[in-house]
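Order of the sequence lines fixes the chain letters, A, B, ..., with proteins taken first and strands second; residue numbering starts at 1 for each chain.
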Number of protein chains: 2
Amino acid sequence: MSASALPYRPHNHEACVNQALADAREICQRQNARLTPTRERVLELIWQSHKPLGAYDVLAQLTEDGHNAAPPTVYRALDFLQQHGLVHRIASLNAFIGCTHAGEHHTGMFLICRACGNVLEMTAPAVSESVRQAAGAENFKVSDVTLEIAGLCPSCQLEHVDE
Amino acid sequence: MSASALPYRPHNHEACVNQALADAREICQRQNARLTPTRERVLELIWQSHKPLGAYDVLAQLTEDGHNAAPPTVYRALDFLQQHGLVHRIASLNAFIGCTHAGEHHTGMFLICRACGNVLEMTAPAVSESVRQAAGAENFKVSDVTLEIAGLCPSCQLEHVDE
DNA sequence: CCCGCAACTGTTATAATGTTGCAAAACTTG
DNA sequence: CAAGTTTTGCAACATTATAACAGTTGCGGG
Ligand SMILES: [Zn+2]
Ligand SMILES: [Zn+2]
Ligand SMILES: [Zn+2]
Ligand SMILES: [Zn+2]
């Protein structure tokens, strides 16, 4: 599966999308899950960039497609995709982004650029470990970790010399 | 400032509230900020337990008080309280909770029990450090970290042997 | 004391995000 | 094909958050 192309660097993004869709098809097949046209289309829309997309943005684009969609259409597709580890929800933005580690067992950590809006999902075992440790110190049993980091990506730091 | 009483253990919670209010008054004074009656009341409501409270829950209670309040009243008070580090917003719950480290420079990390709803805010320098490190490895300039951990608190693990 | 500015509040309306419930349609399996 | 399951369409509704503007209050300088 894809060696991470950095979202905020120019790259052949069509390759990102194709890879993601191919991975998705394979994963769903393996899990006996039905990647229906609507679901696949929603995944494709989510992957149209490395910026998280709101549910209603997805809805608007489905409508442009001529698809007669209502909010539940989108939320159901997104639920499905989340369930199968194909997209993540970014709680601090109420938005969704394609998972760049689909299929792999991982805990997402997201670097969210406030200037360009791009998000990089990274896996950081050291972070996961220290989180687990800290929670363990309180005898807390972890089931889900939300780790979202807002700031400036390398590209945008050049322009925003202030702050 | 308060040595953390664990939220999910029985404790004299009135002391938590009083401490929080006293701290708030002092902090606002130092910062030349006006802790008006509405703001103080909202803070008190937020502190009524260690479970995060939604903005509209606060609103409902203000209304019970006889206060003729609308959503902006609450959101403005909450904005103020956040600005001055007196409450935190829990993004994964769309809810607010009193800060247990008001005044101290800290990065919050929240242990959210899915069973009892209580939230423990903890400071874990090791975690902050590893997050900073991981972000630094990508040349990302961190400005805000959202770290929310859902799971089971020690008390609730006893009952929920399953899962 | 009172004017004038700034901060705070009240009020109405509206935007943005997410859910429920039920019936019709599509697919799966025997 | 028939029965059962999953998925979709659709209408209504619930929850969370913001915009815009007018009124009020607190406070320092004439
Ligand atoms: Zn790409
Ligand atoms: Zn950027
Ligand atoms: Zn307490
Ligand atoms: Zn608990």
Nearest-angstrom distance from the residue atom [atom1] of [X] to [atom2] of [N]:
{"X": "A/L35", "N": "D/dT7", "atom1": "CG", "atom2": "P", "answer": "11 Å"}
{"X": "A/Y56", "N": "D/dA17", "atom1": "OH", "atom2": "P", "answer": "15 Å"}
{"X": "A/L59", "N": "C/dA15", "atom1": "CG", "atom2": "C1'", "answer": "15 Å"}
{"X": "B/I90", "N": "D/dT16", "atom1": "CD1", "atom2": "P", "answer": "14 Å"}
{"X": "B/N68", "N": "D/dG23", "atom1": "CG", "atom2": "C1'", "answer": "14 Å"}
{"X": "B/L93", "N": "C/dT17", "atom1": "CG", "atom2": "P", "answer": "18 Å"}
{"X": "A/F96", "N": "C/dG18", "atom1": "CZ", "atom2": "P", "answer": "5 Å"}

*From CA spacing to verdict: side chain to side chain contact (heavy atoms under 4.5 Å, CB included), B/H67, B/T73*: CA-CA 10 Å; B/H67 190 304; B/T73 309; 4.1 Å; yes
_Under 3.5 Å, is there a donor on one side chain and an acceptor on the other for B/Q19 and B/D23?_
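Yes, B/D23 and B/Q19 have a side-chain donor paired with an acceptor closer than 3.5 Å.
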*If each of B/Y75 and A/T38 is mapped to the nucleotide of DNA chain D with the nearest heavy atom, which maps nearer the 5' terminus, i.e. the 5' end?*
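Result of the comparison: A/T38.
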*In this structure, which one of B/C113, B/C156, B/C153 forms a side chain to side chain contact (heavy atoms under 4.5 Å, CB included) with B/Y8?*
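Checked B/C113, B/C156, B/C153 against B/Y8; only one passes side chain to side chain contact (heavy atoms under 4.5 Å, CB included): B/C153.
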Is the [atom1] atom of [X] crowded by more than 12 outside heavy atoms at less than 6.0 Å?
{"X": "B/Q82", "atom1": "CD", "answer": "yes"}
{"X": "A/Q31", "atom1": "CD", "answer": "yes"}
{"X": "A/R89", "atom1": "CZ", "answer": "yes"}
{"X": "B/R132", "atom1": "CZ", "answer": "no"}

Any protein N or O atoms within reach of nucleotides 26-30 of chain C? Criterion: under 3.5 Å, listing atom names and distances.
none

*Could you tell me whether the side chain of B/D144 reaches within less than 4.5 Å of the side chain of A/R114, counting heavy atoms only?*
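Result yes, sub-4.5 Å side-chain heavy-atom pair found.
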*Would you say B/E129 and A/S130 make side-chain contact, with heavy atoms under 4.5 Å?*
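Sidechains of A/S130 and B/E129: no contact.
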side-chain N/O [X] vs [N] OP1/OP2, d < 4.0 Å:
{"X": "A/T73", "N": "D/dC10", "answer": "no"}
{"X": "B/R76", "N": "C/dA7", "answer": "no"}
{"X": "A/N94", "N": "C/dA16", "answer": "no"}

_Rounding to 10°, can you tell me the angle the first-five-pair axis of the helix from C/dC1-D/dG30 to C/dG30-D/dC1 makes with its last-five-pair axis?_
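One end axis against the other gives 30°.
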*Where along residues 77-89 of chain B does a heavy atom fall under 4.0 Å from DNA chain D?*
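Those residues are B/R89.
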_Closest-nucleotide mapping onto DNA chain C: is B/A70 or A/A55 further toward the 5' terminus? I mean the 5' end._
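The residue mapped nearer the 5' terminus is B/A70.
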*asked:* Please find the pair of heavy atoms, one from A/V131 and one from B/M109, that lie closest to each other, and give the distance.
replied: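 Nearest pair, atom of A/V131 first, then B/M109: O-CE, 4.1 Å.
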